[in-house]
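Below is one structure, written out as structure tokens, with a few remarks after it.
All values below were derived from every heavy atom in this structure, side-chain atoms included, with hydrogens, water molecules and symmetry-related copies excluded. Quick note on labels: first sequence line is chain A, next is B, and so on, each numbered from 1.
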There are 2 protein chains.
Amino acid sequence: MATIKDIAQAAGVSLATVSRVINDGPKVGSDTRKRVKKIMEEMGYRPNANARALVTKKSASLGVVIAELHDPFFAMLAHGVESVTRKNNVQILLSAGSIEKETELRAIETLLEHRVEAMVVHSKALDDKTLVEFSKQVPGFVLINRYIPEIANRCVWLDNVTGGRLMAEYAINQGHEHVAVISSQYRIDDPNQRLEGVRTAIKHANLVLPESMIEYATPDQEGGELAMQNLLATGAKFTAVLAYNDAMASGAMTMLQDHGIAVPEQVSVMGYDDVLLAKYCRPKLTTLRYPVEMMASKAAELALKYASGKKPEEGLTFKYTPTIIKRDSIVRV
Amino acid sequence: MATIKDIAQAAGVSLATVSRVINDGPKVGSDTRKRVKKIMEEMGYRPNANARALVTKKSASLGVVIAELHDPFFAMLAHGVESVTRKNNVQILLSAGSIEKETELRAIETLLEHRVEAMVVHSKALDDKTLVEFSKQVPGFVLINRYIPEIANRCVWLDNVTGGRLMAEYAINQGHEHVAVISSQYRIDDPNQRLEGVRTAIKHANLVLPESMIEYATPDQEGGELAMQNLLATGAKFTAVLAYNDAMASGAMTMLQDHGIAVPEQVSVMGYDDVLLAKYCRPKLTTLRYPVEMMASKAAELALKYASGKKPEEGLTFKYTPTIIKRDSIVRV
DNA sequence: TTTCAAAGGGTATACGTTTTCAACAATTAT
DNA sequence: ATAATTGTTGAAAACGTATACCCTTTGAAA
């Protein structure tokens, strides 16, 4: 592959001049510029991003750490990031961290080896201290879906407590007095916070949520089915079910229907996240919208901004609140 | 960030020795090795991937070009690639090309600037010649979901003609004599090939497929709804509908149900791809499985292999055939 | 004792860029 | 006419790493 030197030789100018042409530098005559450009075209010259990154200490790329790509939620996240990197001519380096400490760590470190100065990371397995440490090393380090007070201005996150509360309040306002909850079995923040919000709303309405009305399972379709099966097996009475996410909600609906229980006529179901499937499943899912794509774009912009030298403002954070999307899976009782 | 030079200085050895330690090189005593390693640990040394790539002319990364990340199909594709890159300690560079000539081209060129020697690309907008040209420049250039005879040994693709045929045959074997087709309005290969297969099967069964029974729309939920609406508006009689993909199938089902037509009791529906939503929608979709994740993994392995110097074998290609996944959206008539 | 090989380690160059500094030519002001 | 300025160009150093080549030491074989 042709290098700058080849071009310089062919054009009869120095390396410096060619470099200036490439970068639209100021100090080169218009005729020379034209000539060099023509030769670059002819020889199919392509600047070497690695050499460039080495000398400028800027990589023109952004690292993304997510859990698993096949999860629609993360696909949306990645898409949100991609839309802004494309606008800025920035390349994405992608790593999956599958919510495991070791893997997440390796993902970030690999990115660091590539000297990306901007990063959007979704980490649930790493502890606060480690992440704060990284944020000191990488100017454009931004967390998504996580809040760490120490680096609040680098966090783009969803208020899950409020989300949980909204969910429960909506069900209660629809007249439901006996609600069951299907939560995730993974003891990370998200399910705990959502559950906390639900509990708050229920207490505030002078209702109760016995432990027997809460089931924990894997946060997917199968988990939702299993959880609902268990709920039904205990013979508990409920008219509404609040699920941890849309996949679990969908699984719960399937299981209810398999037992001849009509949704939403006999039991209402609510999801969380509003990913694609919420629109596809029947009945269409009433759910909480997690604007992950928008948030991811925000995070990417932030990362790029910080990376370019702008200092994160103190006392600032980027909190989003989910909103109810009304569809067909819940009715007034 | 500490460099090799800093380490050398701190350890009182030369650059070469440190480099040897880093790469597990042969000519360094075990005590020196230990000492250097300890110092690297202490100083938090991280090799600079850019400098490395520059001197070795190997980038230890793989480029991926897809259409849009939020499409579940591509999310699966990316995931398939990721699973093998992770195993090989290779970093993913991701670019989206949104099925537009200009964007796809830019995506590949950016990857080229980063000197990735392995690439998995999904391109529908670029012509054969351009892609063949790229394949000559990049040793590990592999196409997914596309077949170009000239570089057959770099193509991992699905036999869409057979897929279309299987689909139609299955419907016919279930006793359906009047089938309608919902296809994609984009005039790329895939829909044409699937349609060709359908036509073959229908002709072979001595049935007919009038043009009025084929509707074209955008290959998503909305397109499926629209296409079905048009089909119903013409008053055409059919007992089965073959959709271009699962999203369109889902849209078609929605529209049918909205018109009070029971699926599958009155009209059967078949999808294609078997993405997530096929399991989530109601009734569960009978569809053709496109093993995209497996294929993407294969493509990534191939790309890495070719990139590492192994020459593509002549007269070899990587053709996959879809299989029917029987669920609930079609019944015997 | 001499000779030699092997092991351990250092020097210097190359990779492809960007950028600082200095030099030169041409133009304008004095 | 000379001095000052502007515009255009080149030489060289630097970025962080890998590696080919050379040097020294050591111990064993001759």
Side-chain angles (χ1 to χ4, degrees), chain A residues 1-37 39-40 43-61 89 91 109-117 137 308, chain B residues 1-37 39-40 43-61 91 109-117 137:
Chain A
M1 179 143 301
T3 76
I4 239 185
K5 201 193 282 182
D6 302 325
I7 306 292
Q9 212 150 22
V13 296
S14 74
L15 302 186
T17 303
V18 179
S19 177
R20 286 184 192 112
V21 172
I22 293 170
N23 301 306
D24 280 327
K27 325 200 304 185
V28 42
S30 62
D31 46 343
T32 329
R33 172 161 311 191
K34 213 164 286 173
R35 185 157 44 93
V36 171
K37 270 196 171 158
I39 294 191
M40 291 199 312
M43 303 185 63
Y45 171 74
R46 256 185 268 279
N48 184 323
N50 293 314
R52 235 178 191 171
L54 182 59
V55 55
T56 59
K57 295 163 179 300
K58 300 233 174 306
S59 70
S61 53
N89 281 330
Q91 177 66 52
E109 299 211 306
T110 309
L111 257 20
L112 241 30
E113 292 186 1
H114 283 264
R115 299 297 189 268
V116 297
E117 63 269 9
Q137 288 181 48
S308 76
Chain B
M1 178 143 300
T3 76
I4 237 183
K5 201 194 282 183
D6 302 327
I7 307 293
Q9 214 150 23
V13 296
S14 75
L15 303 187
T17 302
V18 179
S19 177
R20 287 185 191 111
V21 171
I22 293 169
N23 301 306
D24 281 327
K27 324 202 304 182
V28 39
S30 63
D31 47 344
T32 327
R33 185 174 305 245
K34 214 165 284 175
R35 183 157 45 95
V36 172
K37 272 197 170 156
I39 294 190
M40 291 199 313
M43 303 183 66
Y45 171 74
R46 254 186 270 279
N48 183 323
N50 293 314
R52 239 181 187 168
L54 182 58
V55 56
T56 59
K57 294 163 179 296
K58 300 233 174 303
S59 71
S61 54
Q91 177 66 50
E109 298 210 306
T110 308
L111 257 21
L112 240 31
E113 292 186 1
H114 283 266
R115 299 295 188 270
V116 297
E117 64 269 9
Q137 288 181 47

Atom pairs, N/O to N/O, protein against nucleotides 15-19 of chain D, distance under 3.5 Å?
from, atom 1, to, atom 2, distance (Å)
D/dC15, O3', A/K57, NZ, 3.4
D/dG16, OP1, A/K57, NZ, 3.2
D/dT17, OP1, B/Y45, OH, 2.5
D/dT17, OP1, B/N48, N, 3.0
D/dT17, OP2, B/I4, N, 2.6
D/dA18, OP1, B/N23, OD1, 3.3
D/dA18, OP1, B/N23, ND2, 3.3
D/dA18, OP1, B/R52, NE, 2.7
D/dA18, OP1, B/R52, NH2, 3.3
D/dA18, OP2, B/S19, OG, 2.9
D/dA18, OP2, B/N23, ND2, 3.4

Among residues at least two apart in sequence or on other chains, which ones pass side chain to side chain contact (heavy atoms under 4.5 Å, CB included) with [X]?
X: A/K34; result: none
X: A/K57; result: none
X: A/L54; result: B/N48, B/A51, B/L54
X: A/D31; result: none

Fill in: Partner residues of A/R33 under the salt bridge (Lys or Arg N to Asp or Glu O under 4.0 Å) criterion, sequence neighbours left out
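Result, salt bridge (Lys or Arg N to Asp or Glu O under 4.0 Å) vs A/R33: none returned.
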Worksheet item: How many Å lie between CD on B/Q9 and P on C/dT11, as a whole number?
Response: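 One finds 12 Å between P of C/dT11 and CD of B/Q9, rounded.
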Worksheet item: A/K58 NZ to C/dT17 C1': how many Å, rounded?
Response: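 Checked: the NZ to C1' distance equals 15 Å.
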Give each protein N/O atom lying under 3.5 Å from an N/O atom of nucleotides 26-28 of chain C, with the pair distance.
none

Fill in: Residues that B/S14 engages under side chain to side chain donor-acceptor pair (under 3.5 Å), provided they are two or more places apart
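B/S14 satisfies side chain to side chain donor-acceptor pair (under 3.5 Å) with B/T17 once adjacent residues are dropped.
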Item to complete: Only counting residues at least two apart or in another chain, list the ones meeting side chain to side chain donor-acceptor pair (under 3.5 Å) with A/S61.
Response: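 So A/S61 forms a side chain to side chain donor-acceptor pair (under 3.5 Å) with A/S59.
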Discussion item. Quick check: closest heavy atoms across B/N50 and A/A53, and the distance to 0.1 Å?
Written reply: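 Reported closest heavy-atom pair: ND2-CB, 3.5 Å.
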Discussion item. Show me the pairs that pass salt bridge (Lys or Arg N to Asp or Glu O under 4.0 Å) and involve residues 2-23 of chain A, at least two apart or across chains.
Written reply: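 Counting only pairs at least two positions apart or across chains, no salt bridge (Lys or Arg N to Asp or Glu O under 4.0 Å) contact touches residues 2-23 of chain A.
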Fill in: Pairs satisfying salt bridge (Lys or Arg N to Asp or Glu O under 4.0 Å), at least one member in residues 44-55 of chain B, at least two apart
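Listed once each, the pairs are A/E109-B/R46.
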Practice prompt. Five pairs at each end of the helix from C/dT1-D/dA30 to C/dT30-D/dA1: take the axis at both ends and give me the angle between them to 10°.
Written response: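 The value is 60°.
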